[in-house]
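All chains are named by letter (A, B, ...) in the order of the sequence lines, taking the proteins before the strands, and each is independently numbered beginning at 1. Small disclaimer: the values here were computed from a predicted structure and weren't measured.
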2 protein chains.
Amino acid sequence: MAGTPTANPTPCAECPIRRLALFEPLSTGLLELMQKHRLEQRDVPAGSLIYPQDARLDESFTVFQGWVMLHRTLSDGRRQVLRFALPGDFIGFQPDPESPVLHSAQALTAVRVCVFRQDSLMEMFREHPMLAIQMAWIASRDEALAHDHMTSLGRRPAKERIAQLFLEIQHRLAARGPVDERAGIPVPLKQEHIADALGLTTIHVNRTLRTLREAGMAVLRGGLLRIQNRAALVEMTGFRPDSFSRRPIL
Amino acid sequence: MAGTPTANPTPCAECPIRRLALFEPLSTGLLELMQKHRLEQRDVPAGSLIYPQDARLDESFTVFQGWVMLHRTLSDGRRQVLRFALPGDFIGFQPDPESPVLHSAQALTAVRVCVFRQDSLMEMFREHPMLAIQMAWIASRDEALAHDHMTSLGRRPAKERIAQLFLEIQHRLAARGPVDERAGIPVPLKQEHIADALGLTTIHVNRTLRTLREAGMAVLRGGLLRIQNRAALVEMTGFRPDSFSRRPIL
DNA sequence: CGACCTCTTGAGTGAGCTCAAAAACAGTGG
DNA sequence: CCACTGTTTTTGAGCTCACTCAAGAGGTCG
């Protein structure tokens, strides 16, 4: 598995993300608990896998920095991106150690994660039921996100799918810290990633991006997403921001 | 909300499903706990809603008998079926009481559910951390199921989507009790439900069902699903049964 | 025996796909 | 600084899978 422990492994509880007031804060007791479990940080270079499809995971992760892409690859190479994980998101939770994960997690940018050993995680849950509840909360939120995604895939035309994705990204990033829509949000997605996420071909994504651009709605260029006419996008998709409201982090 | 309490409300712990050896058994301690919380049973007639989209839920449910369909409806009427819930499945978990559910749950057949009050559920979690862990497990399994579904929607042609759905249903039902594939599995789905689940039109589902039938692979007729050439379906979809392996119930 | 679903089939259309090939861009090494 | 190579984006042309519109056939239930 790719990734190297940081030179000076710091407990994750000290990670910068904890200080963002926008996240639900952990109580001091929980911080101590995490310290006790000596959680390790790990840096993963852009492009490499955090874990591969079909592996038996004995670790799971909280993303601290960077973008992670979860995707499944079928035997003939077709690929479906399941989720883009952003800082604060939890990935790789696999309660049954027997069954393999059915997707890969790949770093889209340089990524820093906090590593939980699976058994250690379970122990934490046992000691601190609240954490288990939060885990259930997180999983259930991810499921709701997946539901949005499924609705796009099943029942929206290409233009709406992209609009919806843009609004979702904008909203999720905004929940993590101030973003300047007008100036442009850093988004490390290639057109191919978008295609694989939305069930389209790269070519069709390209054409659809053009129509969005020419309609003055949104531009994705040079790793920057500019939402120019939010109202029009919202109108088109019926986007309701409360879909991704409060949530705990681990 | 539709549904009436059964004439003689029995604690869910006594519900027949508990006696199925195929489910992970609950310890006696947990049974007691559930008794203590005086969980109510409720019967819901075919067709009516267990909970509607956009509602604030203060209850969640374990399905005991029948089929439940979770679906989201967009403002213009397009509909996406998110999941078919079978006996033993948990639905309506909403850890944040503030945010509304983004989908409806509708009974496809006559359904019997076990009702959990949300606050009561949280209390159970606090008293019995193991339950919270199991909840996380359940949510995470549902997410994996959603991932399969997403992959179908995004990257499979109609024929494969239907084949995959059939295999999934067959497998999930088989995990709940003996089924006779050859004789036919009772499946209460109309072609319209399949269409809304798989992101297709009813008409196209119909045509595709015909090709599957004419290819001697599978037949869905009169509420019975007959899988006639399992190998061919598996070959086509790359279906791996372990996707839906062990899991706890609440 | 209508009224109403659900299923089925036909004919024509279109959104999104495939194949093919420029053009823009980002590194990389001389 | 520039030629060289690989990646990403863009555009064109033609095709197909799945959609729309329309209508008939089969059930089922009051």
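A/Leu224 places none of its side-chain heavy atoms less than 4.5 Å from the side chain of A/Ile185.
Rounded to an integer number of Å, the gap from CD of A/Glu160 to C1' of C/dG16 is 15 Å. In this structure, A/Lys190 places its NZ atom 18 Å from P of D/dG6, rounding to the nearest Å. Look at CG on B/Leu209: it is 7 Å from P on C/dT8, rounded to the nearest Å. A/Arg210 has its CZ atom 15 Å from the P atom of D/dT9, to the nearest Å. Atoms CG (A/Leu212) and P (D/dT9) sit 15 Å apart, rounded to a whole Å.
For B/Glu235 and B/Arg230, the salt-bridge test fails: no basic side-chain N is under 4.0 Å from an acidic carboxylate O. Checked for salt-bridge contact, B/Asp89 and B/Arg176 meet the test: a charged N lies under 4.0 Å from a carboxylate O.
Between its opening and closing five pairs, the helix from C/dT8-D/dA23 to C/dG30-D/dC1 changes axis direction by 40°, a value rounded to 10 degrees.
Between the side chain of B/Arg42 and the backbone N or O of B/Cys114 there is no donor-acceptor pair closer than 3.5 Å. Checking side-chain atoms of A/Thr109 against main-chain N and O of A/Trp67 turns up a donor-acceptor pair under 3.5 Å.
Between B/Leu153 and A/Met150, the closest heavy-atom pair is CD1-O, 3.6 Å.
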Report all interatomic pairs (protein N or O, nucleotide N or O of nucleotides 15-20 of chain D) with separations under 3.5 Å.
from, atom 1, to, atom 2, distance (Å)
D/dA18, OP1, B/Ala158, N, 3.0
D/dA18, OP2, B/His204, NE2, 3.3
D/dA18, O5', B/His204, NE2, 3.4
D/dC19, OP1, B/Thr201, N, 3.4
D/dC19, OP2, B/Thr201, N, 3.2
D/dC19, OP2, B/Thr201, OG1, 3.0

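With sequence neighbours left out, A/Phe90 forms a ring pair (Phe, Tyr, Trp, His ring centres under 6.0 Å) with A/Phe116.
Screening residues 142-165 of chain B for ring pair (Phe, Tyr, Trp, His ring centres under 6.0 Å) gives A/His103-B/His147 as the qualifying pairs, with residues at least two apart or on separate chains.
Distances shorter than 4.0 Å separate some side-chain N or O of B/Gln191 from OP1 or OP2 on C/dT8. Here B/Arg213 reaches the OP1 or OP2 of C/dT8: one of its side-chain N or O atoms lies under 4.0 Å away. Between A/Asn206 and D/dT9 there is no side-chain polar atom (N or O) within less than 4.0 angstrom of OP1 or OP2.
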Does the protein touch nucleotides 24-30 of chain D at the base, only the backbone, or not at all? Give it as B, S and - per nucleotide, heavy atoms under 4.0 Å.
-------
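The distance from atom CG of A/Leu49 to atom NE2 of A/His71, rounded to the nearest 0.5 Å, is 6.0 Å. How far CG of B/Leu167 is from CG of B/Leu233: 5.0 Å, rounded to the nearest 0.5 Å.
A heavy atom closer than 4.0 Å to some atom of DNA chain C occurs in no member of residues 217-229 of chain A.
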Kindly determine whether B/Arg78 and B/Asp196 satisfy salt bridge (charged side-chain N to carboxylate O under 4.0 Å, His left out), including the steps that lead there.
CA-CA 9 Å; B/Arg78 286 173 292 181; B/Asp196 282 337; over 6 Å; no
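Under 3.5 Å, the side chains of A/Arg56 and A/Gln94 contain no donor-acceptor pair of N or O atoms.
Below 30°, between 30° and 60°, or above 60°: for B/Phe61 and B/Tyr51 the angle between ring planes is below 30°, a parallel geometry.
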